[in-house]
Amino acid sequence: QLQASGGGLVQTGASLRLSCAASGRPFSTYVMVWFRQAPGKEREFVAAISRSGISTYYADSVKGRFTISRDNAKNTVYLQMNSLKPEDTAVYYCAAHRLQTMYVSPTECDYWGQGTQVTVSS
């Protein structure tokens with residue numbers, strides 16, 4: 001089970017940190033991923049982090065502004081979002097998979113959190 005939290009309403013340029021707490025499964029055996037879905041759009045990949053936390057991968061649209069991290073002792077993955085823009089407005093989902101690749105499509109993930117809303121006003 002994955003439980004996402006930390007969303008909210010912020011102004012352009014602000015920061016937010018999302019958290020996703022996992023339970024019930026060996027967290028460190030999963031690659032963790034953040035996706036987002038804006039109204040009327042498909043769910044899109046945002047960032048991924050390897051099992052150990054050493055490797056990360058980002059969508060070009062968030063590179064340099066967002067940072068994904070994980071704490072395997074706390075079974076939690078984070079998404080630090082800085083310099084937020086109105087186009088970052090979406091529901092953000094955490095997900096988990098056991099594939100060898102970092103970048104995946106939503107259909108390749110095994111488990112999902114419930115989503116947390118991020119709204120960035122201009």
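Other cluster members for Y93: V31, V33, F35, F45, Y57, V91, L99, M102, Y103, V104, W112, joined by side-chain heavy-atom distances under 4.5 Å among Ile, Leu, Val, Met, Phe, Trp and Tyr.
Remark: the R36 side chain and the Y92 side chain contain an N/O donor-acceptor pair separated by less than 3.5 Å. Side chain to side chain, T76 and D71 fail the donor-acceptor criterion of an N or O pair below 3.5 Å. No side-chain donor from either of Q3 and S5 sits under 3.5 Å from a side-chain acceptor of the other.
The stretch residues 28-60 participates, sequence neighbours left out, in no disulfide (SG to SG under 2.5 Å) pair at all.
Within the 4.5 Å cutoff, the side chain of Q80 has no heavy atoms near those of the S69 side chain. Under the 4.5 Å side-chain criterion, counting only non-hydrogen atoms from C-beta, L84 is not in contact with Q11. You'll find the side chain of M81 stays beyond 4.5 Å of the side chain of D88, heavy atoms only. Side-chain atoms of V118 and T89, non-hydrogen and from C-beta on, never get closer than 4.5 Å to each other. F66 is not listed as a side-chain neighbour of N82, based on a closest heavy-atom distance of 4.5 Å or more.
Remark: L18 CG to C94 SG distance equals 9.0 Å, nearest 0.5 Å. Expressed to the nearest 0.5 Å, how far OG1 of T101 lies from NE2 of H97 amounts to 6.5 Å. With rounding to the nearest 0.5 angstrom, the CZ atom of R65 is 7.0 Å from the OG atom of S83.
The two residues L16 and G8 have their closest heavy-atom pair at CD1-N, 4.0 Å. When every heavy atom of S122 is checked against every heavy atom of P86, the shortest pair comes out as CB-CG, 3.9 Å. C20 and L2 get closest at one heavy-atom pair: SG-CB, 3.9 Å.
With sequence neighbours left out, the salt bridge (charged side-chain N to carboxylate O under 4.0 Å, His left out) criterion links K63 to D60.
R98 forms a cation-pi arrangement with Y30, by the criterion of a distance under 6.0 Å to the ring centre and an angle within 45° of the ring axis. Under a cutoff of 6.0 Å and an axis angle of 45°, R70 and F27 form a cation-pi pair.
Between the side chain of S55 and the backbone N or O of S50 there is no donor-acceptor pair closer than 3.5 Å.
Side-chain heavy atoms closer than 4.5 Å link hydrophobic residues (I, L, V, M, F, W, Y) into clusters, and following such links, even through other members, never connects Y58 to Y78.
Counting heavy-atom neighbours within 6.0 Å of E87 CD, excluding the residue itself, gives a total above 12.
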